[in-house]
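Order of the sequence lines sets the chain letters (A, B, ...), proteins ahead of strands, with each chain counted from 1.
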Amino acid sequence: MTRMSVPWRPGGKQVHRGPAALVAGIAKALYATFAPLVRAFPGPLLIGAIVAVIVGVWINYLVFEFVDDSLVASSTNLAGETGLLGGPLALGEVRAGLTTSGVPGSGILCYVLYPLQYGVVRDVVSMGGILGFISVIPLYTIWWERKVAGRIQSRTGPMRVGGWHGWSQSMADGIKLICKEDLCPASADRPLFKLAPYLAFVPAILAFFALPFGTYWVFRQVDVALVFILAMLGIEVIGVILAGWASNNKWSVYGAMREACQMVSYEIPMGMALLIPIMVVGSLSLTTVGDTQSEGWTSWIVFRSPFTFAAAVAYFVAALANCKRAPFDLPESESELVAGFHTEYSGFRWSLFFFGEYAAMFVVSGLCVILFLGAWYSPLPMSLADRWGLGDSVGARAIKGLLFAGPLWFVAKCVFLLYVQIWIRWTLPRIRIDQVLYACIQVLLPLMMVLLLGHTLYELFVPVHGFVWTVFNLVLSLIGAVFVLGMIFIATYGFWNRVGLVGSLGVETLPGS
Amino acid sequence: MAPEEICIILTGEFGDGVVDTVLDACRPYAVVRVDGWSDIARFLRDDGRMRFNMLQCVTALDLLEDNKLAAVYDLFSVPVVGVGPCATLRQHFAIRVEVDRDAPHIPSVSGIWPAAEWHEREAYDMMGIVFDDHPNLTRILCPDDWEGYPLRKDYEFPLEYHGIPATTEHQLNSPRH
Amino acid sequence: MGTTVLQSGSDVLTDVEGSEQGDLRTEEMLVNMGPQHPATHGVLRVVLRTDGEMVLESVPHIGYLHRCAEKIGENLQPFQYIPYTDRMDYLAGMNNNQAFSIAIEKLVGIEVPLRAQFIRVIFAELNRIASHLVAFGTYGLDMGAFTPFLYAFREREMILDLFESTCGARLTYSYITIGGVHDDLPDRFLEVLDEFLDYFEPKIDEYNQLLSFNHIFVKRTANVGVISADDAVRWALTGPVLRASGVNWDLRKSTPYEIYDRFDFDIPIGLPGGREGVPRSVVVGDSWNRHIVKVWEMRQSCRIIRQAMAQITDGPHIAAKVKNVKLPDDEVYVEIENPRGQLGFYVRGDGSSIPARVKVRGPSFCNISVLNHVGKGCLLADIPAIVGSIDIVMGECDR
Amino acid sequence: MSWIDNRFEEGLIVTSLDWAINWGRTSSIWPMTFGLACCAIEMMAVGASRFDIDRFGAGAFRATPRQSDLMIVAGTVTYKMASRLKRLYNQMPDPKYVIAMGACTVGGGPYFKHGYHVVKGVDLVVPVDFYVPGCPPRPEALLEGLMRLQDKILHQTRAKDPMSRVRAEVLAK
């Protein structure tokens with residue numbers, strides 16, 4: 001490939017003097033060292049980064065648990081010096097507390113743990129974690145969606161950008177979008193036009209602040225977390241309607257109106273579906289709901305009764321509609337409304353809508369996982385850990401975190417649900433608006449009422465762990481297991497046979513080749 | 001039915017309305033007078049022996065040497081269950097209507113065959129034949145402010161359109177048509 | 001498109017009217033769909049008068065791709081004009097070449113060798129499959145299903161490979177020419193073709209499962225944009241649109257051209273719901289029938305190709321030199337069955353080697369003219385469903 | 001001009017910034033679905049399974065000009081369409097690029113002589129970055145055009161008024 005020669009880029013060296021020379025020298029040396037490495041081993045580096053993130057998350061998990069467990073223990077040992085986290089423990093006291101818990105390396109660890117006893121520090125750390133997570137999740141969901149779509153469509157998807165399977169594709173998209181011209185149509189309502197993307201994006205982030213990733217893994221332990229998250233997801237629609245209105249474009253108005261209809265109607269069955277697990281547990285706190293499902297996959301709420309099973313499916317459908325995913329992507333349906341409510345948006349503002357959408361996808365999947373699919377617990381029952389004699393030592397905690405419970409399980413389940421959403425999107429055609437509303441008001445809403453009533457009666461009259469209850473529980477659990485295993489099998493089969501699926505007739509068999 | 005029989009029926013029914021019949025051509029046709037064309041069209045569609053229910057094509061012709069314009073209507077009868085009593089004929093015939101080049105007026109048949117609506121608009125756009133009583137006789141392919149009728153033999157190519165040059169030096173040096 | 005909504009260019013938009021309905025006042029809105037819109041298959045422009053999601057009027061405006069094909073036909077010799085016919089219905093170049101070639105052959109009186117006729121039939125039917133595949137895929141795209149489109153293109157690429165191995169072009173072939181075909185078949189062509197058919201025929205069922213009989217797809221298309229048989233004939237609709245309305249009319253059967261009378265094949269027509277596996281909500285002449293007729297036609301095309309492959313004979317592939325042939329002072333109008341309907345060529349000679357008049361009767365031109373008649377009172381989302389099922393190609397619509 | 005362009009003096013920071021931004025822009029050129037005629041089918045083929053323009057990160061075909069970077073003018077531009085084409089081009093945010101795909105958009109193509117209604121080259125309407133000839137060009141040709149465009153983007157800079165230096169050099173000579 002011949003490179004174009006561009007006249008205004010001088011071919012000669014740039015001359016730096018003084019401190020600039022030093023900085024330039026360091027930068028060049030670093031670039032010379034790392035650039036070949038990145039080019040040579042993109043795949044291992046990516047996998048290494050993922051492993052590092054997992055290990056980091058896991059270590060972090062340990063740290064948090066230690067701060068909570070050890071410090072609570074030590075502070076009570078120290079005759080109730082002060083409260084749990086506000087209390088200024090001296091460095092020595094932390095070390096003493098750690099030593100009594102038998103932690104190796106407590107001499108160094110105490111310096112790490114000491115600041116963590118302050119609420120502000122903990123908030124800052126977890127805020128950073130959440131913001132990082134929120135920016136990574138949409139980026140990689142988008143890349144992943146493009147790869148999955150490619151695989152479904154017998155092509156490859158992004159391959160070039162970043163080297164290994166286009167893993168940095170979304171980052172490139174992000175850089176490009178940020179650097180795009182910030183357009184605001186002349187006839188648009190300027191302030192509202194600029195406000196709308198934030199109104200769509202910020203609530204999706206706020207929802208993360210009450211979403212628990214594990215028993216200790218929540219930014220703010222809100223007692224009515226479920227209501228809070230639903231409210232935040234509900235605010236998103238205001239941003240979309242504002243966007244449609246302020247753009248001064250008829251397609252945008254169509255998109256916004258569709259979004260309004262769809263959101264307002266689907267929030268009702270969605271909320272009703274979520275009432276059922278709440279009824280089972282008796283708490284609106286998501287951490288409490290999650291912690292009741294620790295005894296293996298048969299204890300997950302989705303398999304508790306036929307009604308919860310149906311409610312989980314209905315919730316997933318309503319959630320698809322709620323975050324505008326196909327086949328309910330009417331607000332932005334490309335073949336009808338050009339791009340729907342974001343027709344006039346470009347660059348960074350448009351990417352905010354996208355981030356908001358993918359963040360909302362993760363939140364609704366997270367709600368589904370917490371309320372129905374066993375939250376952060378693995379299919380293995382927690383009691384197995386006790387039977388294996390795992391204590392509270394570091395190693396035992398590590399095994400517990402990886403095998404039985406932990407944010408990794410939560411994220412893995414969410415990612416599976418995201419995968420299902422992507423799968424549906426690239427398979428099904430789109431529904432018409434009257435059919436969307438029909439499906440909600442005539443089908444889902446009565447269904448949810450029946451389920452709600454049915455489940456109430458079921459809880460009232462069917463004794464827990466009685467014969468009927470157990471049979472239903474086991475049958476539903478088996479159905480669920482077969483379903484998930486089947487999907488995994490299909491995906492794996494498709495992956496291994498990805499060459500064969502393209503078809504037998506290739507270019508090389510043609511005459512004259 | 002053979003074209004000869006159709007011509008015989010037509011001349012029998014309309015007499016002077018049929019100016020000429022051309023039967024030895026690749027595709028036989030009859031030339032009819034402009035003022036009788038509406039009646040002939042209705043007869044062709046409704047008469048039990050004709051049943052030309054489908055107007056396939058309207059071709060506008062520029063007969064520069066005769067100082068005339070013409071429209072050729074290609075008619076088919078397609079067997080459809082439920083349209084008329086004996087819509088089982090399969091025949092093809094063409095009618096030609098010639099008009100004076102200076103005042104090209106032909107009665108519209110879009111009330112008889114709705115398909116004629118767009119064909120007649122196209123003939124108007126390309127050749128400048130005016131179809132009387134047409135519901136919406138506007139240009140269809142060219143923009144509304146286009147000048148001239150492109151398919152006429154004496155059409156002059158435009159030199160620019162709304163500021164976009166339509167010719168290049170090369171084109172100016174080489175003859176057109 | 002975007003903010004082109006109220007931009008009217010040279011076309012005049014009427015005023016928006018308001019209507020009083022009790023306390024709520026609703027306003028009708030003029031929405032401009034196209035000429036650049038993902039659902040309009042090129043540069044069709046539809047001006048919609050809507051009341052909310054309801055479409056009161058949908059007026060198609062064409063001409064954004066008017067490429068003066070008829071004027072060019074009056075200035076070139078017929079064999080020079082063959083490449084321009086490719087570019088009319090660019091999804092079915094072979095069929096267009098065939099139509100124009102037949103017109104000139106009939107006008108001049110050229111006898112086409114038998115082998116050439118077989119080759120023509122094979123290529124015309126292959127191109128029919130390729131064209132219907134695009135229609136199938138883009139219709140899925142209009143309905144919001146992206147994946148069938150790529151599957152359709154994957155299969156289409158195989159057909160294009162076959163074309164390429166024969167005539168070197170992927171899209172604009174100019175292969176079928178006056179007096180026969182341009183080149184003979186390459187070696188092993190029929191074997192590979194056979195392999196392709198074996199591969200392709202089971203795929204039709206697969207795609208039907210994926211798209212045509214998908215519940216959502218049926219909901220979107222059944223009973224949408226119903227065209228009665230009477231209307232279809234009065235508006236001179238042809239091809240799959242006419243047959244979906246229940247009219248058994250296919251030029252390959254009713255007035256066979258070339259050697260189509262030698263083959264045994266069926267003509268799929270639109271069926272009412274509830275019979276022969278047709279979903280219950282379907283009625284004759286709706287968008288679903290227009291879609292499925294094309295799918296069944298692909299199967300019939302496979303049948304025709306197989307028979308042609310079995311019967312093909314040896315011999316010359318072109319009659320004689322056809323350059324500078326003098327056209328008699330006569331006129332001819334020839335129609336053949338294109339994938340989209342009946343493509344007609346009117347050619348008038350005046351004794352010289354350049355025609356005095358070439359007129360193209362594009363099936364898309366007639367088929368899309370019915371849009372306003374059909375699209376009254378449907379929903380906004382039905383407009384892509386109707387336009388997509390009518391399956392237009394703007395190249396031959398505007399010519 | 002995008003908000004970040006033409007703002008900084010040339011220097012080390014700008015050079016690194018250039019590298020990052022050019023990399024981003026090169027790797028994610030989103031085309032607009034702007035199919036006009038025959039070439040549009042080949043453009044669709046480029047997006048389909050065998051050629052798969054998504055490999056280069058350019059597979060996100062956007063329907064609205066506001067979100068696209070590249071306008072592939074695929075097919076014949078007529079006078080009736082020219083005003084719409086210009087309008088769509090003006091609606092695209094900077095930086096924007098145009099590829100003229102096919103003989104008709106390069107210079108009128110087969111309709112050059114008798115096409116009274118055909119614009120003799122899209123560069124009479126909008127500025128064009130790259131011409132991809134062919135009637136229609138093969139998908140490989142369009143991919144080649146895309147890669148040439150990537151080369152061009154890689155050599156852009158954010159530095160202030162880059163031409164001033166060239167002008168000074170030319171004057172010095």
Side-chain angles (χ1 to χ4, degrees), chain B residues 22 24-27 29 45 53-65 70 72 74-84 87 90-92 94 96 112-119 121-123 125-126 136 138-146 150-151 153 155 157 162 176-177, chain C residues 9-12 59-66 68 70-71 74-75 103 106-107 109 228-238 242 245-249 254-255 328 330-335 342 344-350 356-361 365-366 368-370 373 397-399:
Chain B
V22 182
D24 56 346
C26 266
R27 190 269 327 252
Y29 61 90
R45 187 190 67 174
N53 49 5
M54 197 184 249
L55 173 71
Q56 282 288 40
C57 188
V58 178
T59 309
L61 299 178
D62 185 7
L63 311 170
L64 190 59
E65 55 274 17
V72 182
D74 275 282
L75 301 167
F76 278 70
S77 66
V78 172
V80 185
V81 180
V83 184
R90 291 175 182 183
Q91 50 198 13
H92 173 198
R96 178 153 145 181
I112 298 166
W113 295 287
E117 191 180 327
W118 275 32
H119 283 299
R121 276 178 73 186
E122 193 196 336
D125 187 1
M126 292 288 122
N136 176 28
T138 50
R139 285 191 179 269
I140 186 168
L141 295 178
C142 295
D144 281 347
D145 56 353
W146 195 259
L151 282 187
K153 295 284 181 195
Y155 176 64
F157 276 39
H162 284 285
R176 275 184 234 109
H177 307 297
Chain C
S10 50
D11 307 276
V12 182
V59 183
H61 291 247
I62 63 170
Y64 292 93
L65 194 55
H66 176 49
C68 330
E70 292 173 8
K71 190 79 181 174
E74 294 173 11
N75 287 286
K106 203 170 165 191
L107 186 65
S228 68
D230 188 11
D231 277 349
V233 171
R234 288 198 309 132
W235 289 89
L237 311 184
T238 45
L242 178 67
S245 296
V247 182
N248 193 337
W249 179 259
S254 53
T255 52
D330 197 355
E331 63 182 45
V332 69
Y333 180 75
V334 165
E335 287 200 347
Q342 295 171 16
F345 270 99
Y346 173 95
V347 183
R348 189 180 147 74
D350 59 356
R357 176 84 166 96
V358 174
K359 158 85 186 174
V360 189
R361 187 257 182 213
F365 179 80
C366 299
I368 198 62
S369 68
V370 82
H373 182 67
C397 189
D398 299 344
R399 300 181 296 279

Leading residue by heavy atom contact count with chain B [cutoff under 4.5 Å; candidates C/Glu331, C/Arg399, C/Glu70, C/Glu74]: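 Ranked by contacts with chain B, first place is C/Glu331.
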
Greatest number of heavy atom pairs closer than 4.5 Å to chain B - which of C/Gly344, C/Ser254, C/Pro328, C/Ser228: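 Ranked by contacts with chain B, first place is C/Ser254.
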
If you measure from CD on C/Glu335 to CZ on C/Arg361, what distance do you get to the nearest 0.5 Å?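 Spacing of CD (C/Glu335) from CZ (C/Arg361) equals 5.5 Å.
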
Side chain from CB out, backbone as N, CA, C, O: work out which of these in [X] comes under 4.5 Å of a heavy atom of chain B, or both, or neither.
X	value
C/Thr238	side chain
C/Leu65	neither
C/Tyr333	both

Under a 4.5 Å heavy-atom cut-off, does chain C meet the side chain of [X], its backbone, both or neither?
X	value
B/Leu75	neither
B/Arg96	side chain
B/His92	side chain
B/Ile140	both
B/Val72	side chain

Heavy-atom side-chain contact between [X] and [Y] under 4.5 Å:
X	Y	value
B/Trp118	C/Cys366	no
B/Leu55	C/Arg234	no
C/Val360	C/Tyr346	no

Can you see which heavy atom on C/Leu242 is nearest to which on C/Val233, and at what distance? CD1-CG2, 4.0 Å

Looking at B/Arg45, B/His119, B/Glu122, B/Gln56, which makes the most heavy-atom pairs under 4.5 Å with chain C? B/Gln56

Charged N to carboxylate O under 4.0 angstrom, B/Arg27 versus C/Asp330?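 Salt bridge between B/Arg27 and C/Asp330, a charged N being under 4.0 Å from a carboxylate O: no.
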
We want to know whether B/Thr59 and C/Arg357 form a side-chain donor-acceptor pair, criterion being a heavy-atom distance below 3.5 angstrom. no

Are any side-chain N or O atoms of B/Lys153 and backbone N or O atoms of C/Ala356, one a donor and one an acceptor, separated by less than 3.5 Å? yes

